[in-house]
Amino acid sequence: MADLLTHEDYQALAASLDLPQNAFIDGTSRPAISGKTFATTNPATGQVLGTIAACGPEDVDFAVSKAREAFDDGRWSKLHPGERKDVLIRLAKLMTRNARELAVMESLDSGKTIYDCENVDVPEAIHVIKWHAELIDKIYDQVSPASDDHIAMVLREPVGVVGLVLPWNFPLLMLAWKIGPALAAGCSVVVKPAAETTLTALRIAELAHEVGVPRGVFNVVTGSGAEVGEPLGRHPDVDMVSFTGSTVTGRRFLHYSADSNLKEVVLELGGKNPCIVLDDAEHLDAVAAHVVNGAFWNMGENCSAASRLIVQTGIKAKLLARVAEHLREWVVGDPLDPEVRVGALVSKAHFAKVSSYLDACKAETIHLGGKIVAEGFVEPTVVEVSSPDSKLAVEEIFGPVLTVIEVASFEEAIAVANATEYGLCASIFTANGKRALRGARMLRAGTVTVNSFGEGDITTPFGGYKQSGFGGRDNSIHAHDQYTQLKTIWLDLSDPADSSVD
């Protein structure tokens, strides 16, 4: 846990920050070629934090050309793996020295609580960069089995110029998840942060350049999806795109690839994740703590949020009573107050979307919450639905709303859990080890946790089944696969003198 400051100290630090405004291309902070800007606001207060370069297709072209130039001349892609490692280790150290600044910047821009930014997002982002850096010179290529007359080498090579399109819910951490393996592999990157949350991506680009990432290797182009995201997805000189965000937008990137150069696409998309609690679950107080954290961490703006509580008859009342006890600790308020656990939703548009689901809650049984605290703030809500087909149980709300579904048996719990178009994460709580493992195998999800809520860690691959993911995984050594190509080099060692021709 970080040593947190007082609320007043965080407010003073926020007021003193020099926030970045321009795009970062070819090692330099640059305004948009058009000169256009857009306002970035603090979702907790509505205050305009600054104006950001509103880039367009011409800026994307420029950034991609510089990334291609950097990749082709080998200033990063052909650097010795140990040298790339040293640079990224220096970046992790510089991020550590600037950790508090990054945490406050992230909180101001996104509405995330300073508690989470200081204790989760920033330290995890630093750890991710360091972990992938250390892996660079420890991944070996292969020699395949062959006859005595041949040697077959299987080599990894960087895929080339990569477009990295970020979500607004974890701006810094998702940046690290993508640049860690991409830069480790030797790629050049063009990052498109969400328009709502641009600040930390720009600041990390500055820090990366400061520690020695060559110009053109790490570019950040700011702006809208239509003006930056789509041109990046369609660009004929981009070799691969990694996107994290909604399933609807993810589909568009597949179309962009099909309509252009068939670039590789990796998608990490939405989720409507089940949390199954069976009637033999032990330590209900601990279970309730996991349920609350899974549903309401980051205001529920989390693709892996445990947003469906599937609870077996006989244990529901006891569990919900303990959930209510734990929710008393989840204070709603100013994200810069270190006592606050539930901050502001990221934008007015998203606040309106989440608020609309509160109307649907009124037709069901609301156990807790269900109210708007203030503009931009929704209190944690626990609502029991009469049918697992309710829109509250089917649609990804992406806000602090936990849907409760009562089931009669283990088999029904698994069936309800799998009855979704998503398959990102799932949790199962039971004291029966055999049933836990059977359930984990039966659940159609990329990550299944047993008697806990979580996503694994940097060593485990993260991604989903069905409409929750496509084409690859974030985290772990497997993340490097999506940023590399495999090349076979076949060597013929046979002696021509040994062959005869009739």
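The chain is numbered in sequence order, starting from 1.
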Enquirer: Apply side chain to side chain donor-acceptor pair (under 3.5 Å) to the pair Thr40 and Asp109, showing each step before the final yes or no.
Expert: CA-CA 7 Å; Thr40 186; Asp109 209 18; 2.9 Å; yes
Enquirer: On the 0 to 90° scale, with breaks at 30° and 60°, tag the Phe170-Trp297 ring pair as parallel, tilted or perpendicular.
Expert: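 Correct class here is tilted.
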Enquirer: Is it true that the side chains of Ser347 and Glu196 contain a donor and an acceptor less than 3.5 Å apart?
Expert: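 The answer is no; no qualifying pair exists.
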Enquirer: Given the rule in the side chain to side chain contact (heavy atoms under 4.5 Å, CB included) test, do Val277 and Val287 qualify, once you have shown the distances and angles that lead to the verdict?
Expert: CA-CA 8 Å; Val277 182; Val287 174; 4.0 Å; yes
Enquirer: Determine the minimum heavy-atom distance between Ala182 and Val189, stating which atoms define it.
Expert: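 Taking every non-hydrogen atom into account, CB-CG1, 3.8 Å.
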Enquirer: State whether Phe253 and Lys263 meet the cation-pi test: NZ (Lys) or CZ (Arg) under 6.0 Å from the six-membered ring centroid, and within 45° of the perpendicular axis.
Expert: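 Negative - Lys263 is either too far from the ring of Phe253 or too far off its axis.
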Enquirer: Regarding Thr249 and Ser246, is there a side-chain donor-to-acceptor distance under 3.5 Å anywhere?
Expert: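 Yes - a donor-acceptor pair under 3.5 Å links their side chains.
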Enquirer: Evaluate the criterion side chain to side chain contact (heavy atoms under 4.5 Å, CB included) for residue pair Leu102 and Ile204; output intermediate values, then yes/no.
Expert: CA-CA 9 Å; Leu102 291 168; Ile204 295 300; 4.0 Å; yes
Enquirer: Would you please test Ile397 and Leu392 for side chain to side chain contact (heavy atoms under 4.5 Å, CB included) and show each step?
Expert: CA-CA 8 Å; Ile397 300 171; Leu392 295 169; 4.0 Å; yes
Enquirer: Roughly how far, to the nearest 0.5 Å, is the OG atom of Ser468 from the CG atom of Leu424?
Expert: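 Result: 5.0 Å between the selected atoms.
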Enquirer: Check the angle between the aromatic planes of Trp177 and Phe462 and answer parallel, tilted or perpendicular using the 30° and 60° thresholds.
Expert: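 Ring orientation of Trp177 relative to Phe462: perpendicular.
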Enquirer: Do Thr244 and Lys178 have side-chain atoms, one donor and one acceptor, less than 3.5 Å apart?
Expert: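 Lys178 and Thr244 do have a side-chain donor-acceptor pair below 3.5 Å.
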Enquirer: Going by an N to O cut-off under 4.0 Å, is there a salt bridge joining Lys272 and Glu396?
Expert: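 No salt bridge links Lys272 with Glu396.
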Enquirer: Hey, what do you get for NE2 (His367) to CG (Leu327), rounding to the nearest 0.5 Å?
Expert: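 If we round to the nearest 0.5 Å, His367:NE2 and Leu327:CG are 12.5 Å apart.
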Enquirer: Determine whether the side chains of Glu264 and Gln485 contain a donor N or O and an acceptor N or O closer than 3.5 Å.
Expert: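 Judged by distance alone, the side chains do pair up.
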Enquirer: State whether a side-chain donor-acceptor pair under 3.5 Å links Asp285 with His326.
Expert: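 Side-chain D/A pair, Asp285 to His326: present.
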Enquirer: Which distance, rounded to the nearest 0.5 Å, do you find between the NZ of Lys318 and the CG of Leu284?
Expert: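 Output value for this atom pair is 7.5 Å.
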Enquirer: Distance alone, cut at 3.5 Å: any donor-acceptor contact between the side chains of Thr430 and Asp280?
Expert: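 Yes, a side-chain donor-acceptor pair sits under 3.5 Å.
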Enquirer: Under the criterion side-chain contact (heavy atoms from CB on, under 4.5 Å), which of Val311, Thr365, Leu309 is the partner of Glu384?
Expert: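 Result: among Val311, Thr365, Leu309, Thr365 is the only option passing the side-chain contact (heavy atoms from CB on, under 4.5 Å) with Glu384.
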Enquirer: With rounding to the nearest 0.5 angstrom, report the NZ to CG distance, Lys112 to Leu172.
Expert: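 Here the interatomic distance stands at 9.0 Å.
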Enquirer: Where does the angle between the aromatic ring planes of His350 and Phe398 fall among parallel (under 30°), tilted (30 to 60°) and perpendicular (over 60°)?
Expert: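 Correct class here is perpendicular.
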Enquirer: Looking just at side-chain N and O atoms, do Thr6 and Asp9 make a donor-acceptor pair shorter than 3.5 Å?
Expert: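 Result is yes, a qualifying pair exists.
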Enquirer: List the steps, then state whether side chain to side chain contact (heavy atoms under 4.5 Å, CB included) holds for Leu345 with Phe377.
Expert: CA-CA 6 Å; Leu345 297 176; Phe377 296 83; over 6 Å; no
Enquirer: To the nearest 0.5 angstrom, please state how far the CG atom of Leu368 sits from the CZ atom of Arg328.
Expert: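 These two atoms lie 9.5 Å from each other.
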Enquirer: Minimum heavy-atom separation for Ala184 and Leu88, please, with both atom names.
Expert: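 Scanning both residues, the minimum pair turns out to be N-CD1, 4.0 Å.
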Enquirer: Is it the case that Thr449 and Ser427 place a side-chain donor and acceptor less than 3.5 Å from each other?
Expert: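 Side-chain D/A pair, Thr449 to Ser427: present.
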Enquirer: So how far is it from Glu339 CD to Thr113 OG1, rounded to the nearest 0.5 Å?
Expert: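 Nearest 0.5 Å value for the CD-OG1 distance: 11.5 Å.
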Enquirer: Under 3.5 Å, is there a donor on one side chain and an acceptor on the other for Glu118 and Tyr10?
Expert: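 Per modelled atom types, Glu118 and Tyr10 side chains form a pair under 3.5 Å.
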Enquirer: Taking only Lys NZ, Arg NE, NH1 and NH2, and the carboxylate oxygens of Asp or Glu, determine whether Glu134 and Lys130 approach each other closer than 4.0 Å.
Expert: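 Result for this pair is no, no salt bridge flagged.
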Enquirer: Under 6.0 Å from the ring centre and within 45 degrees of the ring axis: does the NZ or CZ of Lys391 meet both conditions for the six-membered ring of Tyr357?
Expert: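 Here Lys391 passes the 6.0 Å and 45° test against Tyr357.
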Enquirer: Other residues, nucleotides and ligands only: do more than 12 of their heavy atoms fall within 6.0 Å of NZ on Lys353?
Expert: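 Enclosed: over 12 neighbouring heavy atoms sit under 6.0 Å from NZ of Lys353.
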Enquirer: Does Glu157 come within less than 4.0 Å of Lys487, counting only side-chain N to carboxylate O?
Expert: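 Result for this pair is yes, salt bridge flagged.
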Enquirer: Regarding Thr200 and Glu106, do their side chains bring together a donor and an acceptor under 3.5 Å, going by distance alone?
Expert: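 Present: a donor and an acceptor within the cut-off.
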